[in-house]
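Notes follow the structure.
Keep in mind that the numbers below use all heavy atoms, side chains included, and drop hydrogens, waters and symmetry copies.
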Amino acid sequence: MKKSFVLFVALAVAGTLAAAGARAQAFGQYSGATTLGMNTRLFGAYGSFTRSESELLAQLRLSFYPNVDFGFQGGLSRVSVLDRSRTSIKVGGDFKGMVVHRGDAAPFDLSLGAALGVSSAEDFNLLSIGPQAVASRTFGSPGRANVTPYVGALLLFTRSDLNNANDTDVSVPLRFGAEYAPNPDIRLVLELGVAVSDRINDDLKLTVGANFPF
């Protein structure tokens with residue numbers, strides 16, 4: 001679908017321009033509000049970039065209950081903090097459940113859930129947890145090319161340990177993204193994260209990647 005592809009490219013250009021010289025925050029679901037079907041799975045791979053960090057993450061999502069799915073994320077990042085560069089191990093998990101289905105009564109899908117993430121390196125540890133919400137709408141027909149813009153919000157509580165100095169922060173990371181599915185076997189992902197009132201993490205985060213349902 002040409003219109004879907006044009007919309008995805010426009011979002012990519014806008015995200016790239018907004019992220020130039022910018023910064024970012026926590027990792028998330030990298031998808032819209034719609035949950036996986038029962039007994040189905042999804043694998044994803046992503047690269048994320050901020051002013052002080054570059055990361056490679058992988059994700060496995062699965063569902064064994066209607067309208068609920070679970071995600072597990074893991075990867076490595078190179079982070080520069082306090083004038084020192086470190087290689088950090090990142091591990092996280094989340095779940096989401098659909099509470100609103102798009103239809104005559106609602107113009108979008110909505111899911112609620114929660115996420116937990118850990119980043120660990122020498123003299124650098126972050127523990128983040130909080131509830132989240134995601135809203136999205138798919139344009140196009142299932143089984144054919146389609147695009148799904150989405151927006152998400154997370155109330156994030158972060159505990160940090162940097163060079164033996166401890167701190168606790170509360171922030172509201174916002175996610176603006178889109179999945180472009182040229183066919184049922186792949187979904188290209190572009191996401192821009194914006195952190196509100198975040199003293200520990202960066203302000204902006206650009207993520208590009210792909211999801212592979214199976």
Side-chain angles (χ1 to χ4, degrees), residues 1-9 11-12 15 26-49 54-77 89-103 108-119 128 132-152 154 173 175-193 205-214:
M1 177 179 292
K2 293 183 178 180
K3 291 183 178 179
S4 298
F5 181 73
V6 170
L7 178 58
F8 180 81
V9 171
L11 287 169
F27 45 106
Q29 301 170 348
Y30 308 112
S31 61
T34 304
T35 54
L36 298 175
M38 278 189 62
N39 301 318
T40 60
R41 295 161 297 279
L42 178 146
F43 173 79
Y46 321 94
S48 297
F49 309 93
S54 299
E55 66 183 23
L56 293 175
L57 289 177
Q59 174 177 224
L60 175 65
R61 298 198 72 84
L62 51 88
S63 175
F64 49 83
Y65 193 82
N67 298 319
V68 178
D69 66 16
F70 300 84
F72 305 92
Q73 302 92 25
L76 298 173
S77 72
I89 298 174
K90 309 193 78 165
V91 179
D94 73 90
F95 77 92
K96 63 180 178 181
M98 286 195 69
V99 295
V100 174
H101 293 264
R102 180 190 171 195
F108 53 81
D109 297 310
L110 175 66
S111 66
L112 300 177
L116 170 70
V118 175
S119 298
S128 301
Q132 61 184 347
V134 182
S136 65
R137 177 169 177 169
T138 299
F139 296 89
S141 303
R144 303 180 62 182
N146 61 77
V147 64
T148 304
Y150 61 85
V151 58
L154 174 65
R175 300 163 44 222
F176 303 92
E179 282 187 293
Y180 173 65
N183 59 64
D185 298 323
I186 184 173
R187 305 174 189 171
L188 304 178
V189 178
L190 174 76
E191 181 176 299
L192 179 65
K205 179 176 184 178
L206 177 67
T207 299
V208 294
N211 290 322
F212 303 93
F214 65 98

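- Here the closest non-hydrogen pair linking A33 and V134 is CB-O, 3.2 Å.
- Side-chain atoms of N146 come within 3.5 Å of backbone atoms of R144 as a donor-acceptor pair (strictly under, hydrogens ignored).
- At distances below 3.5 Å, not a single donor-acceptor pair connects side-chain atoms of K205 with backbone N or O atoms of E191.
- Of the possible polar contacts, none joining the R137 side chain to the R102 backbone as a donor-acceptor pair under 3.5 Å is found.
- The shortest heavy-atom contact between Y150 and E179 is CE2-N, 4.2 Å.
- A side chain to side chain contact (heavy atoms under 4.5 Å, CB included) with L76 is found for one member of I89, L56, L57 and no other, namely I89.
- For S119 (side chain) and K90 (main-chain N/O), no donor-acceptor pair under 3.5 Å exists by modelled atom type.
- The shortest non-hydrogen separation linking Y30 to S48 is OH-OG, 4.2 Å.
- Smallest separation of non-hydrogen atoms from Q73 and G93: OE1-N, 3.5 Å.
- Considering only heavy atoms from C-beta on, R61 stays 4.5 Å or farther from N211 through its side chain.
- Taking the six-membered ring where the residue is Trp, F212 and F43 present parallel rings, their angle staying beneath 30° rather than reaching 60°.
- Shown here for S63 and G37, the closest heavy-atom pair between the two residues is CB-O, 3.6 Å.
- Within a 6.0 Å radius of CG in L60, other residues, nucleotides and ligands contribute more than 12 heavy atoms.
- No donor-acceptor distance shorter than 3.5 angstrom exists from the side chain of D69 to the backbone of T40, with no hydrogens or angles considered.
- Between the side chains of E55 and Y46, no donor-acceptor pair is found at a separation under 3.5 Å.
- Side-chain contact between L188 and V208 is absent, with no heavy atoms from C-beta onward closer than 4.5 Å.
- Checked by atom type and distance alone, the side chain of N67 never pairs as donor or acceptor with a backbone atom of G97 at under 3.5 Å.
- In this structure F108 satisfies the ring-ring contact (aromatic ring centres under 6.0 Å, His included) test with no other residue, sequence neighbours excluded.
- What you find for Q59 and G71 is that their closest heavy atoms are OE1-CA, 4.3 Å.
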